[in-house]
Each structure stands twice: as C-alpha cells, then as structure tokens.
Amino acid sequence: MEFTGKTAISTGAASGMGLLFAQNFASLGGNVVMCDINEQVLFEKVFEINEKGKGKAIGVICDVRDYAQVINARDKAVEAFGSIDVMANFAGGTAVRMQKVDKKEHPEFPDVPIEVYDWGIDVNLKGPFYFAHAVLKQMREQKSGLIINIGSITGAEGDGYGMDYPTSKAGLMYGLTKSIAQFGSKYGIRCVCVSPGPVLTRAAMANMKTLLGRAADPQEIVDLCLFIASDKGQFINGENIMIDGGRNAMKRRDQL
C-alpha cells in the first residue's frame, strides 16, 4: 500500500485510531489533514509526523458539530494539498462516558439530561454527515474520493442506556454509507463503513466477549481502513464491514 500524492482528512486525529490512521497514511507517503479540538496535543502529533519526513501533515482545530469549522477543514485541506482523496470519520464516543454522567444520579435512559444525548448524536452522526456534505463538493469536482465511516458493533446490538451511540452508529452503518455510495457512484466516489467490535483503545474493552477471545489491537482496524483506501480495495463500496472478532456471530445469550 502506497499513498504518495494522496490526501486524507482524519477526525479525532489527536489520539486513538484517528491519530493512528493519520500516522500510518503519512508513513505510506500520503498527506494528512488532522482534525481535533485538542489543540495542544494535535499540533504535537502533527509535528511528530512531519519530523519523520515522509508524508506531510497539517492540523486544523475542528469541532465536528460545527458545520462552519467542518467547511474550514475542507478548505484548508484543498488549499494545502489540492485534493481530498480519503475522508476518515474517526471522531466519536459514547456520550454518557465522554460527558462523565453519574449513573447513580441518572440511573436510566429517561433520567439522563437530553443535552448529553444531543452531544452524542451531534458528534457521532451529524459530524460524519457534515463532513460528507462538505467534502463531497470537492470529491465531485475531482471525480474521485473515498469516505470511510466508523461504525460499531453497538450499532447492531443496541444499548439500553447510552442510546445515542448505537442510534448514531446504525445510521452510519446502514443509512449514510449506502446513501453516499449511491450518490457518489456517477462521480467515482466510494463510501465504506468499518465497524469494530471491542478495540483496545480503552482497557475496559478487553472485557467484551468475542469468538476469538480477545479485543482488537487498534492497528488491526486501521489496517482494514488502509486496505480499503489502497489500490487493492477499490471494489469495496457501499458496505458495512464488521471487524469484531466474531462478536456479531455469537449467540446473544453468551454475551450477557
């Protein structure tokens, strides 16, 4: 796999798989536009990539919930590198965890302030929707491009408490991805959703059961994304690919 002359935007790029994807894409010769709200850490990571002297990186402070900031990220990418070949939507997270909701104080779904769930839906669903709307203008003009959405096994399983997350991820997996692929087909644009099971971006993920008896290393998820973006993955389009160690194939009673 080789990405010289190609440009990718990665969201959530100051940490986790968004950062790992940017590092890998640049190490394979590509240019990366790294988007995050954590300014200090983001620019530290941009500097580290550029120090390695392979692909080039720029950082753009971007709250994916703000369409004006999304547009700015798109414009910065085109201004710096001339094209947007890959849009990778890694930014996300379960709102009740990210917003540090106290389950003793808010024990059930109706007790959680709606603003918490607003945050989750805005980041996990509207963020990728906003970026799709923004970058597809550029991809339509250049008549090429790939959008990678990041779904989740939770989008297939549901969650009776953190409902924003499976709702948003299912929207990416089964609605937005296919719709973008349909729109993009006449312009040479693809869209694929990669849906991980448990991934060791957090230690707690090791407790989720899979048929393989382990959680994924983040690199395994990023490797699939890179394959889809490479010349070897060009026939994959409009599909949700579950990479979950067989969790979705387990008997539901075995998961409890």
Side-chain angles (χ1 to χ4, degrees), residues 3 5-13 17-18 21-22 25 30-37 55 57-92 121-152 155 167-195 222 224-231 233-241:
F3 297 108
K6 301 292 186 181
T7 298
I9 298 177
S10 180
T11 64
M17 289 190 290
F21 176 83
F25 196 86
N31 304 312
V32 288
V33 179
M34 300 168 65
C35 298
D36 205 286
I37 57 172
I58 64 169
V60 180
I61 304 305
C62 181
D63 184 336
V64 301
R65 300 172 299 166
D66 185 329
Y67 187 67
Q69 293 186 41
V70 169
I71 290 292
N72 179 60
R74 178 201 66 192
D75 292 347
K76 294 288 187 187
V78 176
E79 178 184 333
F81 301 120
S83 68
I84 301 170
D85 301 289
V86 181
M87 175 70 238
N89 288 302
F90 283 99
I121 292 170
D122 286 351
V123 170
N124 294 303
L125 181 57
K126 286 177 69 176
F129 194 99
Y130 281 178
F131 262 102
H133 188 264
V135 303
L136 281 169
K137 292 181 172 68
Q138 173 64 28
M139 291 180 174
R140 178 177 62 184
E141 183 176 321
Q142 65 195 34
K143 292 187 168 48
S144 65
L146 165 68
I147 294 177
I148 299 175
N149 291 322
I150 302 299
S152 171
T167 300
S168 300
K169 292 302 185 180
L172 296 182
M173 294 155 66
Y174 307 114
L176 186 61
T177 295
K178 291 183 183 295
S179 299
I180 293 171
Q182 290 171 12
F183 165 79
S185 60
K186 59 181 175 288
Y187 299 110
I189 299 166
R190 295 182 297 131
C191 185
V192 180
C193 190
V194 172
S195 294
V222 168
L224 176 56
C225 294
L226 293 168
F227 178 84
I228 293 166
S230 76
D231 289 343
Q234 294 297 305
F235 201 58
I236 305 171
N237 190 26
E239 190 55 83
N240 175 55
I241 302 175

For the atom pair [atom1] ([X]) and [atom2] ([Y]), what is the distance rounded to the nearest 0.5 Å?
X	Y	atom1	atom2	result
Cys35	Lys76	SG	NZ	11.5 Å
Met173	Ile241	CE	CD1	11.5 Å
Ile58	Ile9	CD1	CD1	8.5 Å
Ile84	Leu136	CD1	CG	9.5 Å
Lys178	Cys193	NZ	SG	10.0 Å
Thr7	Gln142	OG1	CD	9.0 Å

Should Val33 and Arg74 be marked as a side chain to side chain contact (heavy atoms under 4.5 Å, CB included) after you check the CA-CA gap, both sets of side-chain angles, and the distance that decides it? CA-CA 9 Å; Val33 179; Arg74 178 201 66 192; over 6 Å; no
Residue pair Cys225 / Ile150, side-chain heavy-atom distance below 4.5 Å: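 SC-SC contact between Cys225 and Ile150 confirmed.
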In the structure I gave you, are the side-chain heavy atoms of Met139 and Val135 within less than 4.5 Å of one another anywhere?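 Side-chain contact under 4.5 Å: yes.
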Side chain to side chain donor-acceptor pair (under 3.5 Å) involving [X] - partner list, sequence neighbours excluded:
X	answer
Asn72	none
Thr167	none
Asn149	Asn89, Thr177
Asp66	Gln69

Tell me every residue that passes side chain to side chain contact (heavy atoms under 4.5 Å, CB included) with [X], counting only those two or more places apart in sequence or in another chain.
X	answer
Ala229	Phe3, Val86, Leu146
Ile37	Asp63
Val123	Val64, Arg65, Trp119
Ala170	Tyr174

So which atom in [X] and which in [Y] form the shortest heavy-atom distance, rounded to 0.1 Å?
X	Y	value
Val70	Ala134	CG1-CB, 3.8 Å
Ile228	Arg190	O-NH2, 2.9 Å
Asn124	Ala91	OD1-O, 4.4 Å
Phe25	Lys6	CE2-O, 3.7 Å
Cys191	Ile180	CB-CG2, 3.6 Å
Ala57	Met34	CB-SD, 4.1 Å

Taking atom CZ of Phe129 as the centre, report whether more than 12 heavy atoms of other residues, nucleotides or ligands fall under 6.0 Å from it.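 Check fails, neighbour count at 12 or below.
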Contacts of [X] that satisfy ring pair (Phe, Tyr, Trp, His ring centres under 6.0 Å) - sequence neighbours left out:
X	result
Tyr187	Phe183
Phe90	Phe21
Tyr130	Tyr67

Is there a donor-acceptor pair under 3.5 Å between the side chain of Ser144 and the backbone N or O of Gly188?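 Looks like no, no N/O pair under 3.5 Å.
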Per the salt bridge (charged side-chain N to carboxylate O under 4.0 Å, His left out) rule, what does the pair list look like for residues 125-150, sequence neighbours excluded?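 Non-adjacent pairs meeting salt bridge (charged side-chain N to carboxylate O under 4.0 Å, His left out): Asp122-Lys126.
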